[in-house]
Amino acid sequence: MSALPHLKPTVRRRLGNTLSWILAAAVILLIIFATDWAKIQKQFFNPTVAAASWPTILTIALKNTLIYTVSSFILGSALAVLLAVLKLAGGPLGLFASAFIEIFRGIPALLTIFTAAFVIPLAFGFKLPGEGPGAGILALTIVTGAYAAEIVRAGIQAVSPGQSEAARSLGMTSSQTMFWVVLPQALRIVIPPMTNEFVMLLKDTSLLYVAGFTVTQKELTTFGQDAMSEAFNATPIVMVAVAYLVVTLPLTYLVGLLEKKLDPKR
Amino acid sequence: MSNLFPDLESSAPPVVISGLHKSFGSNEVLKGIDLTVTEGEVVCVIGPSGSGKSTLLRCVNMLETPTSGSIRLLGAEMTDPDVEVDQVRTHVGMVFQSFNLFPNMTAIGNCVIAQRQVLKRSKAEAVEIAKKNLELVGLADRMSYHPAKLSGGQQQRVAIARALSMDPKIMLFDEPTAALDPELVGDVLAVMRDLAMAGMTMIVVTHEMLFARDVSDRTIFMDAGVIVEEGPSAELIAAPTERRTQIFLKRVLDPTHIDDSELGETEPD
């Protein structure tokens with residue numbers, strides 16, 4: 001300690017700041033000079049491969065990803081509300097809902113998709129309708145339902161008990177109270193976390209590659225993987241990553257806005 | 001003997017409570033309450049906080065389930081598990097300390113929802129009745145406002161209009177002015193006074209001693225889970241006979257003048 005001269009706090013802060021900038025610049029320079037940029041460009045940002053891939057990414061892969069995401073999200077949200085209400089109501093159905101939620105939150109989504117696509121046909125000789133996409137959407141609906149059920153349950157419990165008391169004191173039954181008074185307020189509360197859930201689901205559709213797709217059924221990740229193998233080049237993977245970001249980044253930004261907008265009691 | 005449905009034609013007193021006990025865990029909040037309210041009577045319940053007066057009111061329409069005892073409301077025994085509690089509640093309005101308006105609905109929406117869902121009134125009829133009641137509480141110009149855009153006093157008057165829209169036989173008020181800024185209390189009390197004048201059967205838990213004295217027929221003083229004293233409001237508030245009542249009223253009516261020698265073991269809050 002005594003070896004160092006005494007520095008004023010303002011000087012110390014400025015010195016620390018300068019040092020961190022120098023360090024960051026050093027790292028960047030190292031990356032720039034140590035990298036074979038020609039090879040990187042050829043392998044990851046190849047214009048010829050990009051030109052060949054992008055129409056298919058837009059018209060098939062991204063479109064399918066969005067279709068799989070949106071349909072699983074809509075069905076999964078409906079399932080989530082049902083599971084949450086049943087769980088809170090208790091009784092045998094409540095136990096069933098709790099078990100359902102715990103099981104599908106506890107096992108990997110990949111396993112659920114795999115089960116819907118292959119295990120069920122193998123075991124029962126019964127194929128789910130809609131081939132790969134059908135089984136995939138069903139599996140993701142179940143997974144989303146299980147995760148979002150806990151979000152919806154928390155939202156229901158966040159509605160002040162005074163709201164239910166007021167509704168009940170007006171003679172409304174418990175189901176009327178839930179449907180007309182509690183749920184509308186709970187669903188408003190869960191908009192930000194459900195948007196997050198949508199982003200998670202969008203990324204989880206990449207797991208659907210195990211379900212097996214025909215050419216026109218491919219979603220982004222499957223497409224990227226296959227295109228990479230065909231072209232022997234990583235450019236499609238980079239393009240697919242960008243396609244994901246184009247959807248997820250605005251949504252993540254939107255969650256921030258929604259949280260600010262919905263947070264103070266209206 | 002007990003009706004499973006509310007009997008609106010009966011000449012029996014609308015509220016008959018006997019031997020009512022209520023415990024939360026090991027904490028006994030109500031220790032045997034007997035109370036009869038006759039038709040058109042206005043009863044005020046006063047007492048220190050923690051005395052059980054709000055719990056008593058919440059037991060009346062079964063927002064709290066009594067531990068034992070009997071509550072006969074409009075002829076229906078509320079503690080009977082077979083009684084149609086929802087149907088009885090339809091005829092018993094309740095106003096809460098924290099208003100509990102539905103924040104996602106406008107003032108008129110708050111007054112319409114239960115009419116539509118419970119009484120199955122047509123939309124036109126429900127809206128008409130809601131408008132009439134909002135006018136009654138002086139909010140004709142605030143009908144399409146959301147609760148967040150209304151003052152506390154206006155919110156509480158919407159809550160009263162919401163309860164009145166169900167055409168209740170009995171109104172329960174749980175410290176309706178306790179959460180209000182002092183200058184907004186008067187508007188709410190005026191609405192309640194008009195309601196009392198119009199012959200509504202009312203049970204009012206309140207700290208407004210002047211309202212109790214001037215508007216209610218009878219005042220009940222509760223402390224530590226029992227009714228300590230009751231009587232005609234003017235008499236009870238002017239000349240209480242029980243020592244606990246005297247101490248409480250003195251502290252409430254003249255909070256700056258406290259004689260230490262009068263502070264017994266029951267400390268009013």
Side-chain angles (χ1 to χ4, degrees), chain A residues 77-78 80-82 84-85 88-92 94 148 151-195 255 257-266, chain B residues 6 54 57-58 60-64 74 84-105 109-120 145-150 155-156 158-174 179:
Chain A
S77 302
V81 172
L82 183 71
V85 170
L88 287 174
I151 296 176
V152 174
R153 180 194 55 77
I156 289 173
Q157 288 177 325
V159 176
S160 149
Q163 292 290 308
S164 300
E165 288 179 357
R168 298 308 298 273
S169 79
L170 290 165
M172 292 169 86
T173 64
S174 54
S175 28
Q176 284 173 334
T177 301
M178 177 58 78
F179 187 79
W180 292 102
V181 174
V182 177
L183 269 184
Q185 295 182 54
L187 294 183
R188 190 186 172 87
I189 294 171
V190 302
I191 288 174
M194 284 301 278
T195 313
V255 172
L257 283 186
L258 285 172
E259 273 171 351
K260 250 184 230 159
K261 189 163 186 282
L262 296 176
D263 182 40
K265 293 184 176 165
R266 273 177 155 266
Chain B
S54 280
L57 199 71
R58 292 164 59 82
V60 170
N61 69 351
M62 296 295 279
L63 286 183
E64 301 288 353
L74 300 168
E84 297 288 347
V85 170
D86 291 331
Q87 291 201 22
V88 182
R89 282 182 181 143
T90 309
H91 306 286
V92 182
M94 184 157 187
V95 175
F96 301 85
Q97 181 178 345
S98 49
F99 327 137
N100 294 347
L101 289 181
F102 308 133
N104 50 334
M105 302 175 199
N110 268 275
C111 298
V112 162
I113 178 81
Q115 293 190 65
R116 299 274 289 135
Q117 298 306 321
V118 179
L119 302 179
K120 308 293 179 196
Y145 283 51
H146 278 86
K149 300 268 187 246
L150 298 171
Q155 287 189 55
Q156 193 60 295
V158 172
I160 294 172
R162 174 174 72 177
L164 291 178
S165 295
M166 302 297 284
D167 295 330
K169 294 284 171 190
I170 305 165
M171 284 286 287
L172 308 174
F173 292 87
D174 186 6

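The basis for the numbers below is simple: all heavy atoms, side chains too, and nothing from hydrogens, waters or symmetry mates. Every chain is numbered from 1, with letters handed out A, B, ... down the list of sequences. Nothing here was measured: the structure is a model prediction, and the numbers come from that model.
Of the two parts of B:Leu101, only the backbone, made up of N, CA, C and O, holds a non-hydrogen atom closer than 4.5 Å to a non-hydrogen atom of chain A. Heavy atoms of B:Arg58 lying under 4.5 Å from chain A belong exclusively to its side chain.
Put simply, CG on A:Leu170 and CE on B:Met94 are 11.0 Å apart, with the number rounded to the nearest 0.5 Å. Considering CZ of B:Arg89 and OG1 of A:Thr173, their distance stands at 10.5 Å, rounded to 0.5 Å. For the atom pair B:Leu63 CG and A:Glu165 CD, the distance stands at 5.0 Å (nearest 0.5 Å). Distance check, rounded to the nearest 0.5 Å: CE of A:Met172 to CE of B:Met166 gives 8.5 Å.
At a threshold of 4.5 Å between non-hydrogen side-chain atoms, the residues B:Asp86 and A:Gln176 do not count as touching. Put simply, the side chain of B:Phe102 does not reach to within 4.5 Å of the side chain of A:Pro184, judged on heavy atoms.
The two atoms that bring B:Asn100 and A:Ala166 nearest to each other are O-CB, 3.5 Å, heavy atoms only.
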